[in-house]
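Note that the structure is predicted; figures quoted are calculated from it, not measured.
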Amino acid sequence: MAKVPKHIGKGEGGAGVAQLPAIFYDLIDDLNELRNKQIALLQKLDADAGTADTDYAATLTPAPLKTVKE
């Protein structure tokens, strides 16, 4: 997990300055995890007979992330 310092500088790293790519990669990982958990929750709601007859996965599934790691 990259820690985001108060002052990032130019992102070249060294001397305790976080590298921007590491921060971006960790943010992408965090967003992917949240997205996957939301999709799993929607699928669970759809499978639950006690919820309203709504297709939660079809109406609330988030779009694919536009940012990906190379």
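Considering every non-hydrogen atom in both Asp46 and Tyr56, the closest pair reads OD1-N, 2.7 Å.
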What side-chain donor-acceptor pairs closer than 3.5 Å can you find for residues 34-41, not counting sequence neighbours?
from, atom 1, to, atom 2, distance (Å)
Arg35, NE, Ala63, O, 3.0
Arg35, NH2, Pro62, O, 3.1
Asn36, ND2, Asn32, O, 3.2
Lys37, NZ, Glu33, OE2, 3.4
Gln38, NE2, Leu60, O, 3.4

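Atoms CG and CD, from Asp48 and Gln43 in turn, are 13.5 Å apart once rounded to the nearest 0.5 Å. The line from CZ of Phe24 to OG1 of Thr67 is 9.5 Å long, rounded to the nearest 0.5 Å. Separation of atoms CG (Leu65) and CD1 (Ile28) is listed at 8.0 Å; rounding is to 0.5 Å.
Residues satisfying the side chain to side chain contact (heavy atoms under 4.5 Å, CB included) criterion with Asp30, sequence neighbours excluded, are absent altogether. Checked against salt bridge (Lys or Arg N to Asp or Glu O under 4.0 Å), Asp29 has the following partners two or more places apart in sequence or in another chain: Lys69.
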